[in-house]
Amino acid sequence: MGMLASPFYNRLVIVIPYAWLLLFFLAPFFIVFRISLSTTAIAIPPYEPVFSFADGWGGFWSKVATFSFDNYGYLTDDPLYFNAYLSSVIIAAVSTFLMLLIAYPIAYGMAQAPRTIRPTLLMLVILPFWTSFLIRVYAWIAILKPEGLLNQFLLSLHMIDTPLIILNTPTAVYIGIVYSYLPFMVLPLYSALEKMDGTLIEAAQDLGCTPIRAFWRVTFPLSIPGVVAGCMLVFIPAVGEFVIPDLLGGSQTLMIGKTLWNEFNANRDWPVSSAVATILLMILVIPIVFFQNAQAKAEERGR
């Protein structure tokens, strides 16, 4: 009986994640994609056609025939959307690079610390998650505004004569993104570095490598899976970020998440906003595929 049940449970373990993806990813995606093929209407919901089970199969297919890709053509005609996509990718890429520069020394120091204090250091990294994300972003407004804590501190030290204008600039957006997503970069790096065999560094130094050369020849290549994982974990959500550019960047900051919000709520143009969201998802699929390929190659090298 146990042998017969084993294949069933093995299949069940595989089916559950796929069912989860089908229910919470593919189904919402197809709903958004369907809306993107509709037309705007002054109604509730603000698009047509709206399907109803009372229409039967004939009514269903007649409404499907009214679908069109005009909304996607509209996105190519208006440079606002292309600029928003491009600006989002650039801001996310620069932020990811800055986070890597900051997070790698932190993760390396955590991995080299005595084992007795590593749990404490790990807790300090995840400690910001104990506070609401929105509250933490609002806190940066109090820090970066002209009369905020940062300017008051610099003025008291006579390092500046007039307050710095940081809030409502791209600099504030970079600060907010780097601060908010930094733990997502530190944790994969720490996981990769913590598992590294320290004797490899000793062997490299015994063979004549300087500490810097040993780092680039041994430590960094072994940490590449953590680098790739961290970059993907921060780049993907940063592209579609809305709260940080809206609160810290002001009206001049152009990012696709903010544009998407305006289309949904201010313009009430659900079909166009759904087309924007669909293209955004397609853009994010590229780094996801890259991440999966990198993981597969890393596993092959490990074997």
Just checking [X]: does its [atom1] atom have more than 12 heavy atoms from other residues, nucleotides or ligands closer to it than 6.0 angstrom?
X: Met123; atom1: CE; result: yes
X: Asp77; atom1: CG; result: yes
X: Phe133; atom1: CZ; result: yes

Is it possible for you to say whether Ile256 and Leu254 belong to one hydrophobic cluster, with membership spreading through side-chain heavy-atom contacts below 4.5 Å? no
Would a single hydrophobic cluster contain both Met110 and Ile117, if residues Ile, Leu, Val, Met, Phe, Trp and Tyr are joined by side-chain heavy-atom contacts under 4.5 Å? yes
Sub-4.5 Å side-chain heavy-atom contact between [X] and [Y]:
X: Ser95; Y: Tyr181; result: no
X: Leu26; Y: Leu21; result: no
X: Arg136; Y: Phe129; result: yes
X: Cys231; Y: Thr96; result: yes
X: Leu121; Y: Ile106; result: no
X: Tyr174; Y: Ile91; result: yes
X: Leu247; Y: Leu134; result: yes

To check you understand the geometry: which heavy-atom pair defines the closest contact between [X] and [Y], and what is its length?
X: Pro271; Y: Pro46; answer: CD-O, 4.1 Å
X: Lys258; Y: Asp246; answer: CE-OD1, 3.7 Å
X: Ile166; Y: Ala172; answer: O-CB, 3.3 Å
X: Tyr190; Y: Ala107; answer: N-CB, 3.6 Å

Establish, yes or no, whether a centroid distance under 6.0 Å links the rings of Phe235 and Phe184. no
Where do Tyr81 and Tyr72 land on the ring pair (Phe, Tyr, Trp, His ring centres under 6.0 Å) test, with the steps shown first? CA-CA 11 Å; Tyr81 302 101; Tyr72 293 93; over 10 Å; no
Under the 4.5 Å side-chain heavy-atom rule for ILVMFWY, direct or indirect, which residues accompany Ile201? Met196, Leu200, Val218, Leu222
Is the side chain of Ser87 donor-acceptor paired with the backbone N or O of Ala84 at a distance under 3.5 Å, no angle test? no
Check: Asn151 side chain, Leu164 main-chain N or O, donor-acceptor pair, under 3.5 Å: yes
What side-chain hydrogen bond (donor to acceptor under 3.5 Å, both in side chains) pairs are there with at least one residue in residues 102-129, not counting sequence neighbours? Tyr104-Ser223, Arg115-Glu194, Arg118-Glu194
For the residue pair Phe25 and Phe29, categorise the inter-ring angle as parallel (less than 30°), tilted (30 to 60°) or perpendicular (more than 60°). parallel
Can you confirm whether the side chains of Ser36 and Asn71 place a donor and an acceptor under 3.5 Å from each other? no
